[in-house]
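Computed from a predicted model, the values in this text were never measured in an experiment. Sequence lines set the chain letters: A, B, ... in the order given, protein chains first and strands last, and positions in each chain run from 1.
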Amino acid sequence: MSTNTDLAKMFHTMATILEIKGENAFKISANTKVARALEDMVEDVGELDDITSISGIGKSSAKKIQQYTKTGKMYDYDELVKSIPSGLLDIMNVQGIGAKTVRRLWKEIDVVDIQTLKEAITDGRLESLPRMGAKTIQNISESIEFLASNADRTRIGIALPIASRLINHLKTIKGVTKITFAGSLRRGMETIGDIDILASTSDESLLAKQFCEMQDVEKILAQGKTKCSVRLNAGMQVDLRIVDKDKFGAALLYFTGSKEHNITLRERAISQKKKLNEYGLSPSNISCTEEAIYADLELPWIPPEIREDHGEFSVSKSHSLITISDICSDLHCHTTASDGHMSIEELGKMGMQLGYHTIAVTDHSQAQGQANGLKPDRLRRQIDSIHEINESMQGITILAGSEVDILPDGTLDFDDELLEMLDIVVASPHAALQQKTAEATKRLLAAIEHPLVHIIGHPTGRIINKRKGLELDIPSIVAAAAEHQTALELNSNSHRLDLRDTHVRATCDGNAFLAINTDSHHPEDFDQLQFGILTARRGWATPRDCINCMKHDELQTWLCRNC
DNA sequence: GCCGTTTTCGGCCCGACTGTTTTCAGTCG
């Protein structure tokens, strides 16, 4: 698993070094493409018979990959890394500095890393380079400072509310007729680099001005007639594009991306003797809506979440992605009995409010002492109370469950006799999240194969930007989950989103069930479902793949599949 | 470096903005 990640990093690095060295641009993008292909693979690339069967990976890269999987070394990579000072790669991350500048910094004034770049600014050497005026140097200084404090991309759970707030504000500006967000946010990615906002207005300069003067703008990065760019106090960059109302669709398509989707779409246009850009499709002159542009290219409208050039151009019309309204149960929630903030009754009422037919109480098991995990006797008493409350509450089924720890050796935190008393068992890894792939996979397989386990909760245990989590052998996990009818959870919490998009795709492709839960501890946590759904859609999930979309009786039957 | 119902060679997406320049290179998305 981590071989793919390691290799992807190496190909990214090779691409960057080639760029600094001024190599052929297509060779550079070919390397980036290989890196991306590796990042998106769930099976270990070393297991493949023919690596070149993957689109974007040709003979040359396949040979390099093979050399690495066999020997742990890649000759071409090592040679490239040796050919430049390693600190130059860090300089490439400074906004406003590209490959050409890095090359000149290195060759002409001996700058080899961020530190020597800072020194060159202080002692005035930077000024000696062509096109290095006071303003440019000031921007570079600020970018270096910004880079030091903001290394991570922003979680969608942070970015989406900010974007909504900005749009609600900008909507009120006179002349604005249409406004929405695009980019990776619209594609529902788990982390966002910057917020892209697209707008139509009768007064362009007013909108641009007001945008740059918004309260939380820390710095204006660019301010043109049709494009403005600012950085917020929160650290996020926000780009505003102002476009003609009747070209909104073309612009939305273009700025939603992904870049790879756009490139393939444009190549498709060219092959049909057409030309596509952000202003429309010529010669047919179509630009108003995305639907019309796709239709003219003989394609159905493609949902933003799957616009990654991962096969969406041949997706069948009947492949209708899951939506939030398909969800009619939440099977992983906590109460005050462990570390939640709702009572069983409150949870039941919440479920009814959301229109669910079923909600599950799944408090932590005894191993989670810090989360006030339940010991067997407390759990037995809780099961009784849940059943009592369930009897008295009309309109919803409250399941007695547990989020039982999968201990490091793969055994569960409660014995079978107790587990048998539960309506639903969510088994999750919480500790020992540093385990190696083989051990971690064996651990989860044991839980998947356990006849009393219904769902594997947040299978990898990762926390976005904070903790890598278990690097599982996903194909084996999915195969076992399909065989034993155990669902794999997509935990909707925006800190987790675990399974991640590519894992979701593997799960659905492998005919295993997905469970999309919120893991709610507070009433407002139920809102996190939107992030789970976006991630599920990115993984091409349909309602048929997800147990939370089952009707009441169907779910009951599934819960009793091993009874 | 990759790819091919036009092609095994010759292409490979395209435009806006900045800062510096005095017509455009570099960067970004």
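- Across all strands shown, A:Ile57 has heavy atoms under 4.0 Å from sugar-phosphate atoms exclusively, and none from any base.
- The nearest whole Å value for the distance from the CG atom in A:Asp76 to the C1' atom in B:dG1 is 12 Å.
- The side chain of A:Thr226 lies closest to B:dA16 when the candidates are B:dA16, B:dT6, B:dT18.
- Side-chain N/O atoms of A:Ser61 include one lying less than 4.0 angstrom from OP1 or OP2 on B:dC2.
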I'd like a list of close polar pairs between nucleotides 21-29 of chain B and the protein, N/O only, cut-off under 3.5 Å.
residue : atom : partner  : partner atom : Å
B:dC24  : O2   : A:Arg131 : NH2          : 3.4
B:dA25  : N3   : A:Arg131 : NH2          : 3.4
B:dG26  : OP1  : A:Arg104 : NH2          : 3.3
B:dG26  : O3'  : A:Thr101 : OG1          : 3.2
B:dT27  : OP1  : A:Gly98  : N            : 2.6
B:dT27  : OP1  : A:Gly98  : O            : 3.2
B:dT27  : OP1  : A:Thr101 : N            : 3.2
B:dT27  : OP1  : A:Thr101 : OG1          : 2.2
B:dT27  : OP2  : A:Lys100 : N            : 3.3
B:dT27  : O5'  : A:Gly98  : N            : 3.3
B:dC28  : OP1  : A:Gly96  : N            : 2.6
B:dG29  : OP1  : A:Asp194 : OD2          : 3.4
B:dG29  : N2   : A:Tyr254 : OH           : 2.6

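- At the phosphate of B:dG15, OP1 or OP2 sits under 4.0 Å from a side-chain N or O atom of A:Asn277.
- The separation between A:Lys59 atom NZ and B:dG4 atom C1' is 15 Å, rounded to whole Å.
- Comparing the same atom, C1', in B:dG1 and in B:dT6 gives a spacing of 22 Å after rounding to whole Å.
- With C1' as the reference atom, B:dT8 and B:dC3 are 9 Å apart, rounded to whole Å.
- Side-chain atoms of A:Ser476 and A:Asp473 form a donor-acceptor pair, as typed in the model, at a separation below 3.5 Å.
- Of the possible polar contacts, none joining the A:Asp78 side chain to the A:Val81 backbone as a donor-acceptor pair under 3.5 Å is found.
- One atom, CD1 of A:Ile263, and another, P of B:dG11, lie 19 Å apart when rounded to the nearest Å.
- Between the side chains of A:Thr535 and A:Glu190, no donor N or O sits under 3.5 Å from an acceptor N or O.
- Counting non-hydrogen atoms under 4.0 angstrom, A:Ala134 reaches the backbone sugars and phosphates but no base.
- For A:His310 and A:Glu260, the side-chain atoms include no donor-acceptor pair closer than 3.5 Å.
- The phosphate of B:dT18 has neither OP1 nor OP2 within less than 4.0 Å of any side-chain N or O from A:Thr136.
- For the OP1/OP2 pair of B:dG15 and a distance below 4.0 Å, the side-chain nitrogens and oxygens of A:Lys247 include no atom meeting the criterion.
- When each of A:Gln223 and A:Lys64 is assigned the nucleotide of DNA chain B with its nearest heavy atom, A:Lys64 is the one assigned upstream, toward the 5' end.
- Taking atom P on both nucleotides, B:dG15 is separated from B:dT20 by 26 Å, rounded to a whole Å.
- Looking at heavy-atom distances under 4.0 Å, A:Gly183 makes no contact with the nucleic acid at all.
- Remark: P of B:dT18 and CG of A:Leu221 are 10 Å apart, rounded to the nearest angstrom.
- The gap from the P atom of B:dC17 to that of B:dT22 amounts to 23 Å, rounded to the nearest Å.
- Atoms CG (A:Asn24) and P (B:dC2) sit 12 Å apart, rounded to a whole Å.
- For the C1' atom pair drawn from B:dC2 and B:dT7, the interatomic distance equals 14 Å after rounding to whole Å.
- As rounded to whole Å, 8 Å separates atom P of B:dG1 from atom CD of A:Glu23.
- By the 4.0 Å N-to-carboxylate-O rule, A:Arg462 lies too far from A:Glu471 to be salt-bridged with it.
- Screening A:Arg537, A:Arg187, A:Arg538 for a side-chain hydrogen bond (donor to acceptor under 3.5 Å, both in side chains) involving A:Glu305 leaves a single residue, A:Arg537.
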Determine, step by step, whether A:Phe211 and A:Val238 satisfy the side chain to side chain contact (heavy atoms under 4.5 Å, CB included) criterion, reporting the C-alpha distance in whole Å, the side-chain angles of both residues, the deciding distance to 0.1 Å, and the verdict. CA-CA 10 Å; A:Phe211 173 76; A:Val238 187; 3.8 Å; yes
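- Here the separation of B:dA16 from B:dG11, taken at their P atoms, is 26 Å to the nearest Å.
- Residue A:Glu267 places its side chain closer to B:dC12 than to any other of B:dA16, B:dC12, B:dC2.
- A:His319 and A:Trp540 have perpendicular rings, their planes meeting at more than 60° on a 0 to 90° scale where under 30° would count as parallel.
- With a cut-off of 3.5 Å on both pairing distances, B:dT8 has no Watson-Crick or G-U wobble partner at all.
- Within the nucleic acid shown, A:Ser271 has no heavy atom closer than 4.0 Å to any nucleic acid atom.
- The side-chain tip of A:Lys178 points at the ring of A:Phe248 from less than 6.0 angstrom away and within 45° of straight on.
- Across the protein-nucleic acid pair, A:Arg231 atom CZ and B:dC17 atom C1' stand 16 Å apart, rounded to whole Å.
- Atom CZ in A:Arg268 sits about 17 Å away from atom P in B:dC14, given to the nearest Å.
- Separation of the C1' atoms belonging to B:dT18 and B:dC12 is 28 Å when rounded to the nearest angstrom.
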